[in-house]
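Take a look at the structure below.
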Number of protein chains: 2
Amino acid sequence: MTVPASRDASHTPSTLRHVMALLRVTAACGARGAGIDDYLDATELSRPTIYRLLKGLREEGFLRPSPLRHRYLLGYELLVLGAEAGNGAQLRDLARPRLLALAQRLGGSFYLFAHDGRHAVCLEIQNGAYPVGGFVASIGGRVPLGVGQASIALLASLEARERAWILEANRECLMRDYAIDVDAVRREIDYCHAHGHARGVEGSSLPEFTGLAMPLLGPGERCLGAFSCSLLKSRLSEAHRATLITAMASEVAGLKADLHGLLQPGS
Amino acid sequence: MTVPASRDASHTPSTLRHVMALLRVTAACGARGAGIDDYLDATELSRPTIYRLLKGLREEGFLRPSPLRHRYLLGYELLVLGAEAGNGAQLRDLARPRLLALAQRLGGSFYLFAHDGRHAVCLEIQNGAYPVGGFVASIGGRVPLGVGQASIALLASLEARERAWILEANRECLMRDYAIDVDAVRREIDYCHAHGHARGVEGSSLPEFTGLAMPLLGPGERCLGAFSCSLLKSRLSEAHRATLITAMASEVAGLKADLHGLLQPGS
DNA sequence: CCGCCGTGTCTCGTATAGCGAGACGAATTT
DNA sequence: AAATTCGTCTCGCTATACGAGACACGGCGG
């Protein structure tokens, strides 16, 4: 149960850091919930303080009691805020019907991803008639940039400087956890620049599947996210592939048009 | 932009309350993001304090800058925590494939709901070939208990005392916001007790749709959640209806079996 | 039945640490 | 250029969150 541990030495209100630490500990304990000892071990707070904060968090709906007595789970308030967080600039709401249309028409699983620091987070999933698992199983899933097609599309649409430090920062963990070589990622990024979409990356841990991803650029080349899909390799004939690319490109273009309308001043 | 406003007078660490207030303000401002004035208006904090807290929240990943300058959106860390929060006791992960199977086989939209205080929250959605909107559009959506079939199923599986206070607490808001009479809700709860499932409630604001919901009981009658679905009324023939009920009941039973295995002590 | 954990709450004195007022630099706007 | 707004910083003050320890509750086993 290693918790990311917010970098110290920053002098932000300590209660804030403590609270977030408690939430992360709870998250790290997963479905079983976190007990006092988990908190005592993971933080440097005294018992009364921990209880005080836990109580506050419960009252705010950020924690709830686990079915197992004396343990805590993350509260549904977080789910609600999380849903809102995943809908920045209305991106998810606008993308959902388009992903659904793609999924129903083409079978397979379609994803919306966004860029977050060194990671790609999944904002939405729609499954078609032949759904397949991907690296993330659900909304809120997160992978280091470099893993999966969507990552490639996102990286390709970032500015060079940022892309460079991300790849450097992720090099070790990509190799260690996913057996992915950063140079291979770079080649796929070039492919994406040339063709406008990213291919499924071979050599990954999911050999029977393949996929495709497309970046979603806002005004001024700003990277807003990426569409992505996973399919059974056996279902991706040459003709099907062309259809898929056209259909995704069309939905991406449509979404971009929707967004351009909204990003202007407005009320 | 009215924010729930955490009940005061409780002496939990004030920074905690402030932080949560800021998050809620940000959420209330939606896709456009929240500006300083929003925070200044909604809280009673001084400007330097707000900036301090905002900075801390950004560093922790709970806030991020909006594309519109000088505004803040909820950060993706919340999305990740929210995903975890929605998976208490592995409920979502276990339910997802079952919901997907139902959706693909029967068309329509299938939901997993959980009980949270006076509300029902949506934990998962899977859409089939003929998806329809419901009261909640996405994971993390929340409605007062009493609205929709899933609410009925949840209420029916709570103990009488809790059910009573919830209905009383929601009476006014159900009538005002949804034109739903609590007595009608009570009748549907009786129906659910008698038949094991809840019908779509008529008179709601979505007349062409209908649906069905089933409670999900854990060991000791504890209410864990509810399966629910929405369908176009025109597609729900008598025969289809029987199939639907059987299929849902079967998936619910399967899920219950899965859960019973997990709720034992374990490691 | 009684004593023994472990959990959750409370009191209280202390010093920390977060707060407000205001000034300052930077970035935009007119 | 002047003016406005945004974000940060400094600096005292005191509110306030913290830790130590004691207390209450409840379950478990002897």
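We name chains A, B, ... by the order of the sequence lines, and we start the count at 1 in each one. What's counted below: heavy atoms across the whole structure, side chains too, no hydrogens, waters or symmetry copies.
Two residues, P48(B) and R69(B), neighbour DNA chain C, and the one matched to the more 5' nucleotide by heavy-atom proximity is P48(B).
Taking atom CG of L45(B) as the reference point, atom P of dA21(C) lies 11 Å away to the nearest angstrom. In this entry the distance linking CZ of R52(A) with P of dC12(C) reads 14 Å, nearest Å. Atom CZ of R47(B) and atom C1' of dC24(C) are 12 Å apart (whole Å). When the C1' atom of dG8(C) is taken as reference, atom CG of D37(A) falls 13 Å away, rounded to whole Å. Here dC19(C) presents its P atom at 7 Å from NE2 of H18(B), a figure rounded to the nearest Å. Here the C1' atom of nucleotide dG7(D) and the CG atom of L54(B) are 11 Å apart, to the nearest Å. Rounded to an integer number of Å, the gap from L16(B) CG to dC18(D) C1' is 14 Å. Atom NE2 of H70(B) is separated from atom P of dT4(D) by 17 Å (rounded to the nearest Å).
Taking 4.0 angstrom as the limit, K55(B) places none of its side-chain polar atoms (N or O) nearer than this to OP1 or OP2 of dC6(D). Not one side-chain nitrogen or oxygen of T49(A) sits closer than 4.0 Å to the OP1 or OP2 atom of dA17(D).
Cation-pi geometry between R64(B) and Y76(B) is satisfied (NZ or CZ under 6.0 Å from the ring centre, within 45° of the ring normal).
Between the side chain of H193(A) and the main chain of A156(A), a donor-acceptor pair closer than 3.5 Å is present. A distance-only check finds a donor-acceptor pair linking the side chain of N170(B) to the backbone of R118(B) [under 3.5 Å].
Residue contacts shown for Y39(B) are absent, as no nucleic acid heavy atom lies under 4.0 Å away.
Nearest to the side-chain atoms of Y51(A) among the listed nucleotides dG18(C), dG8(C), dC6(D) stands dG8(C).
Side-chain contact check for R17(B) and S14(B): no donor-acceptor pair (N or O, by modelled atom type) lies under 3.5 Å.
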